[in-house]
Amino acid sequence: MKNYTITTFVLLGLTDDPELQIPIFFFLFLNYMISVTGNLTIIVLTFVDPHLKTPMYYFLQNFSLLEISFTTACIPRYLYSIATGDRVITYSACITEMVFADLFAVTEFYLLASMSYDRYVAICKPLHYVTIMSRRICRSLVFSCWLAGMLVISAPLVLVLKLKFCDSNVIDHFLCDASPFLKISCSNTWLMETTVLLCAVVTLLLTLMCVVLSYTYIIKTILRFPSAQQRKKAFSTCSSHMIVVSLTYGSCIFIYMNPTAKDNVTINKVVSLLISSISPMLNPFIYTLRNKQVKKAFNDTIKRIAPLLKRENSSHK
């Protein structure tokens, strides 16, 4: 991955103000640690607790893995930059960061669509749920999400590798994002910009259509339930997923469908920060605080671990 004249780039970060660097570092570091810990806890719980061996939690496990991967692709490099003052990133590292961040982000959208289909089957076809959402089907859906992610980013990746950089190597962002990356290229970027927009719109529309259709049928089915208690219970199983969907789609639709937001560097940075740092940190709380099964699994695991820790401490004494 060698370029024509420029082999390194300078990432400006969120701000040039030296007084804000320390608060930003601690804010992002704390967010990153909470995000990794929270999502890792969900992954561990879905592995060890027998009550969480259902398709819903299998998808949640994969979603948490994607969240960890996505935030790790975006945030640690910027934390290193703040801590050391080294804003230089090589061409290869920049392309790698962009590829992995885009792959994880796109895969997330397809996985959210699969999760909405799972909720549709659970509520609208409960008697056939075990048959339809078998282990093989669940694995195939997750594999398809990753495959779709790879296919979607492949065309933009081929085009981005052909870009030339002649004059400027300064990227006005805290990560190697496609939009500021294209702005400093001296190549004709029309095809690249069109391809990126097309891939983004196709991904958003396809997955959003699946989510909207699933929840249209879910809401229709729930409203036909005879008792208020049944309706409340059914809505509670979908509420966490609906909140995460709203956060994820809302931020992305805002940046891709709003031309002024796309050109505004500050808005671009803020939305990228929301997607790459704040959203992965919030998602574990959204799923655990509104989910009795996950909370029970967490408490049961703590109860199992506590006696072992006490026994180990007493043996050391």
Side-chain angles (χ1 to χ4, degrees), residues 55-67 70 101-126 128-129 131-134 136-156 178-179 193-224 234-259 261-262 271-272 274-276 279-280 282-283 286-287:
M56 175 183 169
Y57 295 106
Y58 176 73
F59 287 120
L60 182 56
Q61 180 190 101
N62 281 277
F63 184 73
S64 295
L65 178 63
L66 268 174
E67 290 284 60
F70 181 49
D102 288 347
L103 172 63
F104 299 139
V106 173
T107 306
E108 256 188 37
F109 281 103
Y110 285 99
L111 190 60
L112 282 171
S114 299
M115 291 168 82
S116 69
Y117 174 71
D118 169 68
R119 292 298 80 212
Y120 157 74
V121 177
I123 290 169
C124 301
K125 299 179 183 293
H128 303 285
Y129 181 69
T131 310
I132 296 171
M133 300 305 293
S134 64
R136 185 178 63 83
I137 294 295
C138 290
R139 285 176 180 169
S140 299
L141 280 170
V142 170
F143 174 76
S144 300
C145 293
W146 281 96
L147 184 62
M150 290 176 191
L151 290 173
V152 167
I153 69 160
S154 59
S179 182
E193 286 176 358
T194 306
T195 307
V196 168
L197 185 63
L198 188 65
C199 290
V201 169
V202 166
T203 296
L204 283 170
L205 288 179
L206 272 178
T207 55
L208 190 59
M209 198 185 298
C210 182
V211 170
V212 169
L213 277 173
S214 296
Y215 277 103
T216 301
Y217 284 111
I218 286 168
I219 292 166
K220 279 183 180 178
T221 304
I222 290 173
L223 292 175
R224 287 201 295 265
F235 271 121
S236 70
T237 63
C238 303
S239 57
S240 300
H241 182 253
M242 287 172 78
I243 294 167
V244 173
V245 163
S246 302
L247 273 172
T248 310
Y249 281 90
S251 53
C252 285
I253 287 170
F254 176 81
I255 199 167
Y256 279 108
M257 301 302 177
N258 186 346
K262 198 166 183 285
V271 175
S272 296
L274 172 69
I275 297 167
S276 62
S279 186
L282 288 175
N283 289 344
I286 293 168
Y287 275 106

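Positions are given from 1 along the sequence.
Taking CZ of Phe104 as the start and CG of Leu111 as the end, the distance is 13.0 Å to the nearest 0.5 Å. Annotation: the span from Thr107 atom OG1 to Leu112 atom CG amounts to 11.0 Å, rounded to 0.5 Å. Rounding to the nearest 0.5 Å gives a distance of 8.5 Å between CG of Asn62 and SG of Cys145. How far CD1 of Ile275 is from CD of Glu108: 9.5 Å, rounded to the nearest 0.5 Å. To the nearest 0.5 Å, the span separating CD1 on Ile286 from OG on Ser279 amounts to 7.0 Å. Here the CG-OG1 distance, from Leu274 to Thr248, works out to 9.0 Å after rounding to the nearest 0.5 Å.
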Which side-chain N or O atoms in residues 113-125 pair as donor and acceptor under 3.5 Å with protein atoms at least two apart or in another chain?
unit_1 : atom_1 : unit_2 : atom_2 : d
Ser114 : OG     : Tyr110 : O      : 3.1
Ser116 : OG     : Ala113 : O      : 2.6
Asp118 : OD1    : Tyr129 : OH     : 2.6

All N/O donor-acceptor pairs, side-chain side in residues 195-218, below 3.5 Å, sequence neighbours left out:
unit_1 : atom_1 : unit_2 : atom_2 : d
Thr195 : OG1    : Leu191 : O      : 2.6
Thr203 : OG1    : Cys199 : O      : 2.9
Thr207 : OG1    : Thr203 : O      : 2.6
Thr207 : OG1    : Leu204 : O      : 3.3
Thr207 : OG1    : Tyr249 : OH     : 2.8
Ser214 : OG     : Cys210 : O      : 2.8
Tyr215 : OH     : His241 : ND1    : 2.6
Thr216 : OG1    : Val212 : O      : 2.6

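Between Ile137 and Ile132, the closest heavy-atom pair is CG1-O, 3.4 Å. Residue Ser276 comes nearest to Pro280 through the heavy atom pair O-CG, 3.6 Å, listed as atom of the first residue, atom of the second, then distance. The two atoms that bring Met133 and Leu141 nearest to each other are CE-CD1, 4.0 Å, heavy atoms only.
For Thr194, the side-chain contact (heavy atoms from CB on, under 4.5 Å) test picks out Trp190, with sequence neighbours left out.
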